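Predicted model, so just to flag it, every value in this text is computed and none were measured. First listed ligand is number 1; within each ligand, the first listed atom is number 1.
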Amino acid sequence: MTVSPAIVILGPSALATARRIQALYPQAVIHGLNGRVEVDQAYDDFGDTLRSLYRSDTPIIALCAAGIVIRSLAPLLANKGAEPPVLAVAEDGSAVVPLLGGLGGVNRMAREIAAALQVSAAITTSGELRFGTCLLDPPSGYMLADIEQGKRFVSDLLGGENLRIDGDAPWLDQSKLPMAENAGRTLRITTEQRTSPPDELLIHPRTLLAVVDEVDNLAARIGQAFEQAGLAQKSLAALLAPQTLMGDRQLAQVAADLAVPLRFIGADDVLPPQVKCGENLQLLKAASPEAAQTIGRPRGRLSVIGLGPGAAEHMTPAVRRALDEAQDLLGYETYVRMAEPLRDDQVRHCSDNREELQRARHAFELAASGRRVVVISSGDPGVFAMAAAVLEALEETAAPVEWHAVELQVLPGVSAALATAAKAGAPLGHDFCLISLSDNLKPWAVIENRLDHAGVADLAMAFYNPISKARPWQLGRALDIVRTHRTPDTVVVLGRDIGRPAEALRVLSLGELTPEMVDMRTLVIIGSSQTRRFPRGDGGEWVYTPRSYPQQ
Ligand code: SAH
């Protein structure tokens, strides 16, 4: 399964089952009917949602009646092309029905989900029932040569033909296939490119590796090398390239187009024997598909991500994907916990929040060894958080060259000021500035100077790190400076734990504000001279700063 599945529910009664399925597929996104249930993603129309997921080839696990799913997708079913797995699951978890996507592994998913829910899957595919396996859907590491040939073959077996296996098919050891020495049908597992006679089913093991030393015209040269050697390109397991090409975008694109992994080899790597050597392109053959995936190592990736303020629904899909794909996660323990659900195989490196540069270096070391690493910040990673520390570590002269070969990405998140502002309305609707009141990393005099200028410029201000036990007096001093530029009725917004269970929002005036009302989990917004407040229907207040500023 390449695309993460969508779990679609109608109401809260399906939520428990949906969560159990999500525990099985942590990448899965739960879609819930707007207003009825709060989950990862809200939708307005069930049918439209199902159809658009289907069109984008997303596996669908619908927690509702099978009939509703069929009726919704009916208009799209006439032209049978590639189709994603579609399953209906009873909302109480008592039944799992694979509906569509037999070639996309729907039965395998149905078995996995059924096992997780401790029920049995309603498998109806004759071949699979009879033989205990789906010959048309071999495990990863093996590729069916031709689907039409496969369908004929399975129907012949259902019609009473026997088969023998020529080659290595370890996954069929436990199957109930009708094997016989003098069988009329042959299942051939081979890397060879061949035109099969009608009594043969061809499956290619992905054991061949192409060694790249130049990117020019690579895809065509790979095609030629396979053709000249009489080998099937479906047996290509990976491209092996020298580490000097790690940052090469064109090479990455070729691998993506061929849908094979790209791995890098150094002088010490032990390579499998060569099967063919053409004009600057060698083909190697590993002992098995599993062995082929252990040669060389992938380009490491370092994603510096922002979780947003807290709630899962304010986390971007790109960040969720990076978290799901991560092998190592680094960050302050609270943030690593906020990144859940995580799998047991994902390594958590929790450390004290203050060791930023050290954590950044550790992240590069892990990524440079080929791992997928995520560095976690709350809010946005570029706002008083890890992204700058990571870049600083990379720019250091002592940074090893391998760090520069790591695929580094910074994925934005909703920063506390934006999350707090949205709760209150739009206090940052006009020009504003963000200031950290922490003098741990800058002199207090600089902060005072900036506060003074922001006051003169009549900017709305958002204060991060406003106060802490170690910095008890700074906020009071900052407010003294602000008060020299703003009247006591200036609007102030305090957002505490925004997006988290203990969320609290308070609207008050600068005259009322005292440092005791604020702690380190609070974001303080001081309005400009134009910021306004008015009652909202529910008893609270809206705050906004108009788009226009009076002409002077
Ligand atoms: N990178 C973070 C900011 C880290 S600095 C971001 O973009 O949001 C830490 C400060 O951010 C805290 O002292 C507090 O002022 C503010 N903050 C972070 N999360 C918050 C939340 N959920 N609610 C209110 N303030 C928050």
Side-chain angles (χ1 to χ4, degrees), residues 303-316 318-319 322-323 329-339 351-357 359-360 374-392 410-425 427-428 432-442 447 450-451 460-476 478-479 482 492-508 513 515-526 543:
S303 312
V304 189
I305 64 102
L307 295 170
E313 60 182 341
H314 289 141
M315 182 189 290
T316 69
V319 165
L323 288 169
L329 303 119
L330 292 86
Y332 190 47
E333 195 179 344
T334 320
Y335 300 158
V336 175
R337 231 180 288 126
M338 271 166 61
S351 60
D352 193 285
N353 213 11
R354 276 159 296 198
E355 310 160 9
E356 288 190 346
L357 262 181
R359 187 187 303 152
V374 164
V375 171
I376 305 176
S377 292
S378 78
D380 181 272
V383 177
F384 311 121
M386 283 302 296
V390 163
L391 291 170
E392 195 175 334
V410 180
L411 303 180
V414 177
S415 190
L418 306 185
T420 301
K423 279 280 160 202
L428 306 180
F432 64 95
C433 63
L434 308 181
I435 300 181
S436 168
L437 295 192
S438 168
D439 55 352
N440 289 339
L441 301 168
K442 60 188 166 185
I447 300 176
R450 289 180 183 171
L451 289 166
M461 305 175 209
F463 295 159
Y464 286 73
N465 302 309
I467 197 165
S468 75
K469 283 203 188 76
R471 295 180 289 103
W473 55 263
Q474 284 84 339
L475 177 61
L479 295 179
V482 170
V492 170
V493 175
L494 301 181
R496 184 172 192 271
D497 278 338
I498 295 298
R500 303 177 190 173
E503 172 177 295
L505 185 83
R506 191 162 167 191
V507 178
L508 65 168
L513 178 61
E516 295 71 48
M517 300 171 176
V518 176
D519 67 6
M520 63 184 290
R521 284 149 68 181
T522 308
L523 186 287
V524 180
I525 295 177
I526 311 277
V543 177

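Using a 4.5 Å heavy-atom threshold, the side chains of Val482 and Met461 count as touching.
An N or O contact shorter than 3.5 Å is missing between Ser377 and ligand 1 by distance. Every N/O-N/O distance between Val414 and ligand 1 stays at or above 3.5 Å. Ligand 1 has a nitrogen or oxygen under 3.5 angstrom from a nitrogen or oxygen of Met520. Note: an N/O pair closer than 3.5 Å links Thr522 and ligand 1 by distance alone. Polar contact with ligand 1: present for Asn465 (N/O pair, distance under 3.5 Å). Checked against a 3.5 angstrom limit, the closest N/O atoms of Ile498 and ligand 1 fall inside it. Between Ser415 and ligand 1, at least one pair of N/O atoms sits closer than 3.5 Å.
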| request: Any chance you could lay out the side chain to side chain contact (heavy atoms under 4.5 Å, CB included) test for Leu479 and Ile526, step after step, and finish with the verdict? | output: CA-CA 10 Å; Leu479 295 179; Ile526 311 277; 4.1 Å; yes
| task | Check the pair Tyr335, Leu330 against side chain to side chain contact (heavy atoms under 4.5 Å, CB included), reporting the backbone distance first and the verdict last. | result | CA-CA 9 Å; Tyr335 300 158; Leu330 292 86; over 6 Å; no
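The CG atom of Leu434 lies 6.0 Å from the CZ atom of Phe384; values are rounded to the nearest 0.5 Å. With rounding to the nearest 0.5 Å, the separation of CE in Met386 from CD in Glu356 is 5.5 Å.
Judged by distance alone, with hydrogens and angles left aside, the side-chain atoms of Asp380 form a donor-acceptor pair with the main-chain N or O of Gly413 at under 3.5 Å. When atom types are taken as modelled, the side chain of Arg506 and the backbone of Met517 share no donor-acceptor pair closer than 3.5 angstrom. In terms of modelled atom types and a separation under 3.5 Å, the side chain of Lys442 and the main chain of Leu437 share no donor-acceptor contact.
Ligand 1 is approached by Gly495 to a heavy-atom distance shorter than 4.0 Å.
Under the 3.5 Å distance criterion, with hydrogens and angles disregarded, no donor-acceptor pair is assigned to the side chains of Tyr332 and Ser377.
Summary of contacts: the protein heavy atom closest to atom 17 (N) of ligand 1 is Ala416 CB, 3.4 Å. With hydrogens left out, the protein atom closest to atom 19 (N) of ligand 1 is Arg500 NH2, 3.5 Å, a heavy atom. The protein heavy atom nearest to atom 11 (O) of ligand 1 is Tyr464 CD2, 3.3 Å.
Only the side chain of Pro466 comes within contact range of ligand 1, with a heavy atom under 4.0 Å; no backbone atom does. When heavy-atom distances to ligand 1 are checked against a 4.0 Å cut-off, Arg521 comes that close only through its backbone atoms N, CA, C and O.
The contact set between ligand 1 and Phe384, taken as ligand atoms under 4.0 Å from a residue heavy atom, comprises 4 (C), 5 (S). Here is the list of ligand 1 atoms found below 4.0 Å of a heavy atom in Ala385: 1 (N). Numbered from 1 in the order shown, with element, the atoms of ligand 1 that lie under 4.0 Å from a heavy atom of Ser378 read 1 (N), 2 (C), 6 (C), 7 (O).
The local environment of CZ in Arg450 is sparse, with at most 12 non-hydrogen atoms from other residues, nucleotides or ligands closer than 6.0 Å.
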